[in-house]
Structures are given as C-alpha cells and as structure tokens.
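Have a look at the structure below before the remarks.
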There are 2 protein chains.
Amino acid sequence: MARYPGLMLRILAEDHPAIGPGKAQLVALIDSTGSISAAAREMGMSYRRAWQLVEALNASFIEPVVMTAVGGKRGGGAVVTAFGRELVQQFRAIEDKASKAIATDIERLQRRMRKPPRAPQRQ
Amino acid sequence: MARYPGLMLRILAEDHPAIGPGKAQLVALIDSTGSISAAAREMGMSYRRAWQLVEALNASFIEPVVMTAVGGKRGGGAVVTAFGRELVQQFRAIEDKASKAIATDIERLQRRMRKPPRAPQRQ
DNA sequence: CTTCGTTATATTCAGAAAAACATAACGACG
DNA sequence: CGTCGTTATGTTTTTCTGAATATAACGAAG
C-alpha cells in the first residue's frame, strides 16, 4: 500500500489519521470511477469500509472531499471535489518530499534489515 | 505517540513496520531502565506486548537491537545494543528531517482540518 | 538450597475491529 | 410504476488484537 519503498506516512488531525496512502488511493479511484462502490471493488475492499473511509475523510476536513448522489441515473454516484483532488495531490507531494528528504537515511537502515523473521537473541 | 505534530512516520521492511514512534520509545526506555518490564510499565503497556515488540525488532534487523539476560542479579535484564541505540537515534533523525521537509505543507493541510467529527455531506 | 525479580511462554478472556450479509432509500428513465 | 445500480445503514458473524493471568526457567546472592 505504501507508494514509497520503506516509508509509510500519515497526516494526523489531533492524533487520529486524517489521510494516508489508503485513503489517498481510494479518493483517486473514486475520482476515476465516479463511484464509491466501483472504487471499493478495485481495491478489493468492502463497500461499507470504503464508505466509512469517505465519511471519515469528510469529517476530518472543513471542506467536503467526496460528494455523493443517491438514486437517479445509474443509481447515483460520487464525485471528488476540487479540494479532494487537491488533497490527494498535496498528500502525494508530501510523500514525495519526505521520501526524497530521507531516502539515503532509509537506505542506510534498510541495509541492516532482513526480509524473513528471525528467532529472538539472548545475551 | 507521534513526536511531531501532524505526522506519523514508520520505516517498513518489505511491507511490515520495522520501526515507528512506539518501538523507538520502547527501546529508549529499555535503554534507560535496563529492563523490558520496567519500560513496559512506564509506557502503560503489558510486559507481553513489550516483549513481542522487542522480538519483532530483533527479527527485523540483521543485528540484535535488544539483548536480554534471564535470571541472575536482579532477576535478569535487558540491554540495548550499540546498534539499537543508533537505530533509535537514526529513526528520530529521520522523523526530524521529514518533519522539517514537509512542515509548511502539513500546516497548509491542517488549516483545512477540523478537530471534531462532522456529519457526512450530500451533493 | 531458598529467595528474588526478571525474562520467556502458554492460555484464556474481553473487547474492538473488520468482514459478511441484508436491506432500505433513492431518483432517473423507460 | 417497475427496474436498476448506487448510496446509506442496520445486523450479525467472524476475526483479530490486546490484556490479563498463570507459570516455568533462570542465575546471582545470601
């Protein structure tokens, strides 16, 4: 889910996550599909979970991120607001900036990492 | 738990978290107390959970982060290795670097955030 | 050889989180 | 006014996590 190797970054409001890689991807998919349920399907996520994430996003910001319509042509749908699009762009820019800023440090740490788990050590 | 306002950052090995703010604090407390159980107490965490985190840390890196001794003087104890100390320092340096690199972007986002939850929006 | 405090580990319990399932509401459109 | 696909929401079930509890192992020190 992390878009940058070795790094997972979330922006917090107070102390709960306002946006992270998952929500960003979800909003991007809602933008391209025009539907929460289609985006959820593409992410292999239940519609309910996706809807809850959208609800949390809208609750975290003073402007709506996703607007929904129920009923009507094609049953309804969802559109990402200009702010929502901007939010995803900014989050990705932040990921990119942070990733670049600490890339060499992460690489240094990763040279000390192992892939598979290992048995605990004793003195 | 996040040491930097508005930001939570974890370093991943493959796709599971190798170190984040919680593990870093735990290792620092083990270093200052010389005991997993004392560190756990200070963090309000069960000994078992703390032990599992230490196990995960040691499994994530090619060098041990915490070495433990069972029995003996004072019942045993745990010491943070030089690498472990370095790991915590480097993680905090990474947090600091990333936080500085994206501080203004985070502030811009935070100006669009609200503290309390809000009802969902309709089109 | 008993005591002591810690590490190590299994087991059990409770609560939270997630998933699964079900169903209602909705409005355009034929 | 029935159909359709979607949003919205309730209910139930399952899974996961964490906490709590219990106990063994250990080795220094008295």
Side-chain angles (χ1 to χ4, degrees), chain A residues 1 10 15-17 20-23 25-27 29-60 64-81 84 117-123, chain B residues 1 8 10 15-17 20-23 25-27 29-59 64-81 84 117-123:
Chain A
M1 190 173 78
R10 286 176 210 284
D15 61 346
H16 63 272
K23 281 175 180 169
Q25 186 188 358
L26 179 65
V27 172
L29 282 173
I30 291 173
D31 201 12
S32 64
T33 62
S35 141
I36 296 177
S37 61
R41 278 192 296 271
E42 288 206 20
M43 289 186 71
M45 171 188 302
S46 73
Y47 167 79
R48 164 146 215 170
R49 169 127 182 86
W51 182 87
Q52 285 170 334
L53 292 176
V54 167
E55 187 186 35
L57 274 169
N58 281 335
S60 292
V65 174
V66 172
M67 310 275 281
T68 60
V70 59
K73 177 181 359 180
R74 304 270 318 152
V79 302
V80 175
T81 65
R118 180 181 61 148
Q121 300 298 308
R122 299 286 164 80
Q123 279 189 59
Chain B
M1 192 174 79
M8 159 144 325
R10 287 177 208 284
D15 61 345
H16 63 271
K23 282 176 181 170
Q25 187 188 357
L26 178 65
V27 173
L29 283 174
I30 292 173
D31 201 13
S32 63
T33 62
S35 141
I36 295 178
S37 60
R41 277 193 297 272
E42 287 204 21
M43 290 185 71
M45 173 188 300
S46 72
Y47 167 78
R48 178 182 172 86
R49 169 127 181 86
W51 181 85
Q52 285 171 334
L53 292 176
V54 167
E55 189 185 35
L57 274 169
N58 281 333
V65 174
V66 172
M67 310 276 280
T68 59
V70 59
K73 180 181 355 183
R74 305 267 319 149
V79 302
V80 175
T81 64
R118 180 181 65 146
Q121 301 297 308
R122 301 285 163 81
Q123 279 188 60

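A, B, ... follow the sequence lines: proteins, then strands. Residue 1 opens every chain. For the numbers below, each heavy atom of this structure counts, side chains included, while hydrogens, waters and symmetry mates do not.
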Measure [atom1]/[X] against [atom2]/[N] and give the value in whole Å, please.
X: L53(B); N: dT7(C); atom1: CG; atom2: C1'; answer: 15 Å
X: W51(B); N: dT23(D); atom1: CH2; atom2: P; answer: 19 Å
X: N58(A); N: dA8(D); atom1: CG; atom2: C1'; answer: 14 Å
X: M67(B); N: dT6(C); atom1: CE; atom2: C1'; answer: 17 Å
X: E55(B); N: dA10(C); atom1: CD; atom2: C1'; answer: 13 Å

Point to revise | Residue Y47(A), side-chain atoms from C-beta onward, closest of dT6(D), dT7(C), dT7(D) | key: dT7(D)

Practice item. Apply side-chain contact (heavy atoms from CB on, under 4.5 Å) to the pair V65(B) and K23(B), showing each step before the final yes or no. Key: CA-CA 11 Å; V65(B) 174; K23(B) 282 176 181 170; over 6 Å; no

Point to revise | Contact check, side chains of M8(B) and P21(B), non-hydrogen atoms, under 4.5 Å | key: yes

Check your understanding: Looking only at side-chain N and O atoms, does S35(B) come under 4.0 Å of OP1 or OP2 in dT7(C)?
Key ->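 Yes, within the criterion.
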
Review point. At under 4.0 Å, does any side-chain N or O of T68(B) touch on OP1 or OP2 of dA8(C)?
Key: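 For T68(B), the contact criterion (side-chain N or O under 4.0 Å from OP1 or OP2 of dA8(C)) is met.
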
Atom pairs, N/O to N/O, protein against nucleotides 19-29 of chain C, distance under 3.5 Å?
| unit_1 | atom_1 | unit_2 | atom_2 | d |
| --- | --- | --- | --- | --- |
| dC26(C) | O2 | G71(A) | N | 3.0 |
| dG27(C) | O4' | G72(A) | N | 3.0 |
| dG27(C) | N2 | G72(A) | O | 3.3 |
| dG27(C) | N3 | G72(A) | N | 2.9 |
| dA28(C) | O4' | K73(A) | N | 3.2 |

Practice item. Could you tell me whether the side chains of S37(A) and S35(A) share a donor-acceptor contact shorter than 3.5 Å? Key: yes

Point to revise | Nearest non-hydrogen partners of R10(B) and P17(B), listed with the distance | key: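 So the minimum-distance heavy-atom pair works out to CD-CB, 4.0 Å.
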
Point to revise | side chain to side chain contact (heavy atoms under 4.5 Å, CB included), paired with V54(A), selected from V80(A), L26(A), V27(A) | key: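 Exactly one candidate clears the test, L26(A).
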
Practice item. Given side-chain contact (heavy atoms from CB on, under 4.5 Å), test R41(A) with T33(A) step by step and report yes or no. Key: CA-CA 11 Å; R41(A) 278 192 296 271; T33(A) 62; over 6 Å; no

Could you grab the distance from atom [atom1] of [X] to atom [atom2] of [Y], nearest 0.5 Å is fine?
X: D31(A); Y: T81(A); atom1: CG; atom2: OG1; answer: 9.0 Å
X: T68(A); Y: E55(A); atom1: OG1; atom2: CD; answer: 10.5 Å
X: M43(B); Y: I30(B); atom1: CE; atom2: CD1; answer: 9.5 Å

**Study point:** Terminal axes of the helix from dC1(C)-dG30(D) to dG30(C)-dC1(D) (five pairs each): angle between them, nearest 10 degrees
**Key:** 10°

